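These notes are about the structure you will find just below.
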2 protein chains.
Amino acid sequence: MPKTVLSEAQEDYLKQILLLSPSASETPEGPGDPVSTQGLAERLGVRPASVTGMLKKLSELRLVEYEPYRGVRLTESGHKVALEVLRHHRLLETYLHQALGYGWEQVHAEAERLEHHISEAFEQKIAEWLGHPERDPHGDLIPTVELALPKNAQAKKLLAVVAGKTATIVRVATQDTGSLNLCTRLKLKPGSVLAVLEHQLEGVRIQVHQDHFLLPSSLAELLWVVEA
Amino acid sequence: MPKTVLSEAQEDYLKQILLLSPSASETPEGPGDPVSTQGLAERLGVRPASVTGMLKKLSELRLVEYEPYRGVRLTESGHKVALEVLRHHRLLETYLHQALGYGWEQVHAEAERLEHHISEAFEQKIAEWLGHPERDPHGDLIPTVELALPKNAQAKKLLAVVAGKTATIVRVATQDTGSLNLCTRLKLKPGSVLAVLEHQLEGVRIQVHQDHFLLPSSLAELLWVVEA
DNA sequence: TGCAAGGTTTAGGCATGCCTAAAACAGTTC
DNA sequence: GAACTGTTTTAGGCATGCCTAAACCTTGCA
């Protein structure tokens with residue numbers, strides 16, 4: 001229970017540790033795999049030396065377990081904080097999209113700033129307005145009020161779907177504006193139904209609505225689906 | 001044109017200078033009267049010595065004119081920044097009230113934090129959603145998109161209304177939660193119509209809807225009205 | 001096993017923004 | 001016009017969070 005209020009930077013570190021830790025973000029539970037100093041530095045746009053300093057502080061606050069040269073992982077309370085921040089972020093994205101008409105490529109930047117500054121009251125108001133949504137506009141799962149991250153039971157990567165099958169997109173795993181704009185033009189967004197026609201070296205040939213085309217691997221990589 | 005992005009603290013200083021400068025907040029135009037170091041320190045919850053330091057910085061940025069021992073006033077560009085912040089604040093208060101159902105005694109604290117972190121896009125979205133309102137839930141005027149602060153033409157203090165007259169509340173000039181809750185119970189809010197029955201030493205006897213009672217001066221002080 | 005390459009940590013700095021204590025000033029009073 | 005009072009400024013410090021440069025581990029490959 002961190003009584004000390006955390007700084008924006010500290011919250012960002014915790015969130016990124018969560019997101020970088022495969023077993024804690026893609027899958028639902030656990031303290032997560034250890035994360036490297038360098039990985040964090042890249043995600044945060046900061047030098048590795050700065051990361052070391054912050055990790056020491058977070059470690060003193062018992063928010064992470066930090067072993068020099070070996071990586072960090074979240075403690076239970078660090079995990080809670082990270083999920084809280086992530087919930088703010090994804091609820092905000094959803095609200096900006098649904099209530100204020102932001103495009104899904106715009107929501108990330110705004111949510112990134114606001115997530116640190118909204119109260120619990122605000123969180124609750126927008127969650128209610130939205131009807132307690134499960135996913136944000138990109139299809140990412142929103143941690144619940146109890147700070148549990150639901151699991152993506154049957155979701156798999158598009159590239160893992162065999163030719164001939166039909167699938168529904170549930171998630172577009174990027175915040176990159178360019179990719180998101182491209183997906184918009186190709187009608188590839190959560191809820192879209194597509195058929196996998198053929199796997200090729202450079203990507204997947206798919207059919208979406210009436211169009212069919214070769215989807216480059218770089219984009220295909222981003223798509224998570226459930227088979228119909 | 002301050003190309004450097006300003007810190008939260010700097011924005012707060014500029015906003016408070018604006019609000020403390022009678023001729024720039026109560027009335028519409030001009031660079032405003034000079035504001036004392038001490039006054040700022042009190043409003044900002046900070047020591048006078050800290051204010052001096054910040055004023056030097058703002059002065060170098062040409063956002064204020066600062067004469068040691070004589071006070072500060074906003075420059076033209078400082079005035080613009082302050083109005084921008086104030087617009088954010090009051091639009092947010094209005095949005096929280098109208099769109100998210102916050103009580104008018106709750107909006108201030110939330111807006112106070114968010115005002116520094118919303119984008120121009122966000123400002124515009126909520127302004128549109130609200131239909132470009134003129135006043136916030138307390139009746140305070142909202143600076144326009146062009147950053148002009150409209151003037152309170154005929155508004156006067158309730159205490160200046162002679163007995164026997166009827167008036168409509170346009171503004172409740174406080175952010176104090178206790179006072180605001182009290183006003184709510186007494187049905188005293190912008191739009192409420194009241195009749196001034198009698199001025200007494202301890203306050204004003206008034207009638208609101210079916211009730212009539214003695215309104216203590218401390219509360220009456222806060223009310224601005226237009227005569228019917 | 002030994003060494004190079006890469007990632008990681010230490011050391012030393014800088015800017016922001018706040019603090020306290022003490023010195024300097026302005027305006028009023030005698 | 002000198003002293004007093006209260007305000008304001010200077011001086012010196014502290015915490016946060018970032019930086020660079022240099023020293024330090026660890027690993028993987030010969």
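So that the names make sense, note that chain A is the first sequence line, chain B the second, and so on, each numbered from 1. Since the model is a prediction, treat every value here as computed from it, not as a measurement.
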Could you pull out every donor-acceptor pair under 3.5 Å between side chains of residues 41-67 of chain B and any protein atom, sequence neighbours left out?
residue, atom, partner, partner atom, Å
B/R43, NH1, B/Q16, OE1, 3.2
B/T52, OG1, B/P48, O, 3.4

Could you go through residues 134-142 of chain A and list every donor-acceptor pair under 3.5 Å that involves a side-chain atom there, pairing it with any protein atom two or more places apart or in another chain?
residue, atom, partner, partner atom, Å
A/R135, NH1, A/G139, O, 2.5
A/R135, NH2, A/N152, OD1, 2.7
A/D136, OD1, A/H138, N, 2.8
A/D136, OD1, A/G139, N, 3.1
A/D136, OD1, A/D140, N, 3.0
A/H138, ND1, A/E93, OE1, 3.1
A/H138, NE2, A/W104, O, 3.1
A/H138, NE2, A/Q175, OE1, 3.2
A/D140, OD1, A/R171, NE, 2.4
A/D140, OD1, A/R171, NH2, 3.2

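By the ring pair (Phe, Tyr, Trp, His ring centres under 6.0 Å) test, A/H116 is found to be paired with no residue, residues two or more places apart in sequence or in another chain being considered. Residues that satisfy the side-chain hydrogen bond (donor to acceptor under 3.5 Å, both in side chains) test with A/N181, not counting sequence neighbours, are absent from this structure. Every residue was checked against the ring pair (Phe, Tyr, Trp, His ring centres under 6.0 Å) condition with A/Y102, not counting sequence neighbours, and none meets it. Applying the ring pair (Phe, Tyr, Trp, His ring centres under 6.0 Å) rule to A/Y95 yields the partners A/W129; only residues at least two apart in sequence or on another chain are considered. Contacts of A/H89 classified as ring pair (Phe, Tyr, Trp, His ring centres under 6.0 Å), with partners at least two apart in sequence or in another chain: A/H108.
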Provide a list of protein-nucleic acid N or O atom pairs under 3.5 angstrom, restricted to nucleotides 15-20 of chain D.
residue, atom, partner, partner atom, Å
D/dG17, OP1, A/S7, OG, 2.4
D/dC18, OP2, A/Y13, OH, 3.4
D/dC19, OP2, A/R47, N, 2.9
D/dC19, OP2, A/S50, OG, 2.6
D/dT20, OP1, A/R47, NH1, 3.2
D/dT20, OP2, A/R47, NH1, 2.8

Under 3.5 Å, N/O pairs linking protein and nucleotides 25-27 of chain D:
residue, atom, partner, partner atom, Å
D/dT27, OP1, A/R70, NH2, 3.3

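Using a 3.5 Å distance cut-off with no hydrogens or angles, the side chains of B/S36 and B/Q38 do not pair a donor with an acceptor.
The shortest distance between the side-chain N/O atoms of B/S36 and the OP1/OP2 oxygens of D/dT7 is not below 4.0 Å. OP1 or OP2 of C/dT10 lies within a sub-4.0 Å distance of a side-chain N or O belonging to A/K56. For C/dT9, the OP1/OP2 oxygens have a side-chain nitrogen or oxygen of A/Y66 closer than 4.0 Å.
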